There are 2 protein chains.
Amino acid sequence: MKNITIKDVANKAGVSVGSVSKVLNNKGYVSKETREKVEMAIEALNYQVNAAARSLKASRTKKVGMLVSYISNPYLMSIAKTIEDSLRELGCHLLLMSHNEDEATERELLQLIMEQRVEALVLIPTGGNREMVQTVINQKIPVLLVDKKVEGVSTDLIVDDNYYGSYESIKYLSSLGHSRIGVIYGVTKNSVGKERLDGALDAIKDLGCSLDESLIRPGEFDSEKAYKSATELLLLPNPPTAIYCCNNTMTTGLIKAINDRGIKIPDDISIITFGDASQWELLQPPLTLMTQPLKRIGVEAAILLKNRLIMNEEYLPKQLIIKPELQIRSSCASPKVEVRD
Amino acid sequence: MKNITIKDVANKAGVSVGSVSKVLNNKGYVSKETREKVEMAIEALNYQVNAAARSLKASRTKKVGMLVSYISNPYLMSIAKTIEDSLRELGCHLLLMSHNEDEATERELLQLIMEQRVEALVLIPTGGNREMVQTVINQKIPVLLVDKKVEGVSTDLIVDDNYYGSYESIKYLSSLGHSRIGVIYGVTKNSVGKERLDGALDAIKDLGCSLDESLIRPGEFDSEKAYKSATELLLLPNPPTAIYCCNNTMTTGLIKAINDRGIKIPDDISIITFGDASQWELLQPPLTLMTQPLKRIGVEAAILLKNRLIMNEEYLPKQLIIKPELQIRSSCASPKVEVRD
DNA sequence: CTGAAAGCGCTTACAG
DNA sequence: CTGAAAGCGCTTACAG
């Protein structure tokens, strides 16, 4: 049982393959009569064009690659969704894959993406594989970096202003009167993790908060590691009156740690987190946080892509650094007791 | 600036394209010397094979399609991730798209998927488009339905036992002494929504709970609709002592409604939900629920796909109906007051 | 308006 | 072990 080809359709309809191609693509002159014969033949044979053959000839694949860290990350998928919808309007579709923050996997998939001749690539990079990313760009494939930079690569970019978001988070806590502020930070060899930590540290210094190093603990962007660090913070002889947590995954661990010890937010401790997640609104009290404007990032990404795809414009990288906004809910209050440094 | 082709590599290396193809595919005899020359030329020219041309000739695309309802649904993406990882081992990759529960979009994308000549399709269907789904199967593309059936189509299938899960949820509430049980149900023209409602209704009848129809309210698998229905339930002159909510999205609305009215779980009302979500564990109290065994569904799906892909076995549809399990946490208690029916 | 023909970039027998 | 040639299923000028 071989595949039905355009030739079979042509035979059945009693016309040339050229004519079939024309009705398939709605292009060039075809008589109404021919068109009808062809359409009937297509129907009768249940013919489907072969996308590979088509794009080989037309050298347009109508595919856009998107390579993310984790396919199960709702933050990224919300961006992916906006992009997918926008691409659909352009008649393109998404080739979506994930590298799970593994550089070898990322390299392999970048290779695959080039082989697939995607017309553009949206990349949430591991941060490594600089040369490979540059190779993609050299192939004249527009690359849009989202969420994270790749050091030394100049291309379209949309990222949060991580430093700013962290700085403002600490500033807010400080404005409520906190000076012993705990920080649970992420992976610092990652630009996102580093910028968020730096922002927090600088704010702590600038605003005259406690410089006690035992207040600054690693969570590695991992829920369980954060649980451990959070527990350590809570057990400190002189514990912090507020904790700033650098991302959602870690905040899950933090909340568990607080719940497990029966500590009350915000009476016993104030909490602020970097990143939106629907569940933070459901907690009692709902969490105060530094938002990532997902909708905006998705929309901006879609616009950028569309421009690259349609306009085929000369390559002047656009860099968008989006400031997160403080969303005040009820997980922060002024500290009850004055605490010595 | 045209693309580099196998011909360019052959010229540069001073060999035939046939030989280049052999080293590319590690297949057939090539002398070490030739191989080296070719590899150097590939390197020098930065050559990437053209996947379209390759699959046109080899008539193997190494692509598996996955069409889901929502790309941003963590439940589905967790399944997608397991499948993607497993596919990678087979040298295949995922073409992931979403139809947003819109039948026209689903039809369009099924068309696209056939054109792409995927080697298999994982489909979370809208439930409609029966003929189109059948067409895909007729093209000898193995189709695996996940989460939901398509009436009248016989193919591989992995679904939750929705009826059972609902029935057991009510049974659990009844065993705690509840007899006025509220139900917030989903879209009933959808098999999942219908089965869950039926299971709950039958259990209510079988176990002698209140048949008061005002206790059974629609949420349409939507958070805000569920919020409205939940509020109505809570405001009833004789409100339910427990509520069973048929999916996570609606549970979000339910929890908000309960929080907004300052009602305490489980003291004032018991809550049970169908479906896992990491956030339910973080609530105070953590929610009791009927689990969907995501890992298991993902793994089973991956196994099924692998068999279809590798074995190319004769088409005997496998149907897996997976029983969810009750996960007891702290959101259910016995009713405080005896309530008249 | 229609058909014959070239060619997209590969792979695969087949001769040598 | 190597190369020349056919052909995968399309699209696109080009003649007619």
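Owing to the predicted nature of the structure, the values given are computational and were not obtained by experimental measurement. We name chains A, B, ... by the order of the sequence lines, and we start the count at 1 in each one.
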Who are the salt bridge (Lys or Arg N to Asp or Glu O under 4.0 Å) partners of [X], not counting sequence neighbours?
X: B:Lys22; result: none
X: B:Lys149; result: B:Glu195
X: B:Glu106; result: none
X: A:Lys148; result: A:Glu101

Close side-chain approach of A:His93 to A:Lys63, heavy-atom, < 4.5 Å: yes
Roughly, in whole Å, what's the span from [atom1] in [X] to [atom2] in [N]?
X: A:Leu56; N: D:dG9; atom1: CG; atom2: P; result: 12 Å
X: B:Arg54; N: C:dT11; atom1: CZ; atom2: C1'; result: 9 Å
X: A:Ile42; N: D:dC10; atom1: CD1; atom2: P; result: 10 Å
X: A:Asn50; N: D:dC8; atom1: CG; atom2: C1'; result: 9 Å
X: A:Lys7; N: D:dC8; atom1: NZ; atom2: P; result: 6 Å
X: B:Tyr47; N: C:dG9; atom1: OH; atom2: C1'; result: 7 Å
X: A:Leu45; N: D:dG9; atom1: CG; atom2: P; result: 14 Å
X: B:Tyr29; N: C:dG16; atom1: OH; atom2: C1'; result: 16 Å

The criterion is side-chain contact (heavy atoms from CB on, under 4.5 Å); which residues satisfy it with [X], sequence neighbours excluded?
X: B:Glu36; value: B:Lys32
X: B:Ile321; value: B:Val159, B:Asp161
X: A:Ala10; value: A:Val17, A:Val20
X: A:Lys37; value: A:Ala13, A:Val15

Side chain of [X]: nearest nucleotide among [options]?
X: B:Ser19; options: D:dT2, D:dC8, C:dC10; value: D:dT2
X: B:Ala53; options: C:dC8, D:dC10, C:dC10; value: C:dC10
X: A:Thr34; options: C:dT2, D:dC10, D:dG3; value: C:dT2

Sugar-phosphate only, base, or nothing, as touched by A:Gln48 at under 4.0 Å among non-hydrogen atoms: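 Counting heavy atoms under 4.0 Å across all strands, the contact made by A:Gln48 is with sugar-phosphate only.
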Of residues 111-119 of chain B, the positions that come close to DNA chain D - non-hydrogen atoms, cut-off under 4.0 Å: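 Those residues whose heavy atoms fall under 4.0 Å from DNA chain D, taken from residues 111-119 of chain B, amount to none.
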Pairing residues for B:Arg130 by the side-chain hydrogen bond (donor to acceptor under 3.5 Å, both in side chains) criterion, not counting sequence neighbours: none
Intra- and inter-strand pairs of DNA chain C in dot-bracket (Watson-Crick or G-U wobble, both distances under 3.5 Å; | for another strand): |||.||||||||.|||
So which protein N/O to nucleotides 12-14 of chain C N/O distances come out below 3.5 Å?
unit_1 : atom_1 : unit_2  : atom_2 : d
C:dT12 : OP2    : B:Lys27 : NZ     : 3.4

Distance below 4.0 Å between A:Ser31 side-chain N/O and C:dT2 OP1 or OP2: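 So the side-chain polar atoms of A:Ser31 do come within 4.0 Å of the phosphate oxygens OP1 or OP2 of C:dT2, strictly under.
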Presence of A:Ser16 side-chain N/O under 4.0 Å of C:dG3 phosphate oxygens OP1/OP2: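 For A:Ser16, the contact criterion (side-chain N or O under 4.0 Å from OP1 or OP2 of C:dG3) is met.
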Whichever of A:Ile6 and B:Glu33 has its nearest DNA chain D nucleotide further upstream toward 5':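 In this pair, the answer is B:Glu33.
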Donor-acceptor pair, side chain of B:Arg308 and main chain of B:Val143, under 3.5 angstrom: no
B:Arg60 bridged to B:Glu119 by N-O distance under 4.0 Å: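 A salt bridge links B:Arg60 with B:Glu119.
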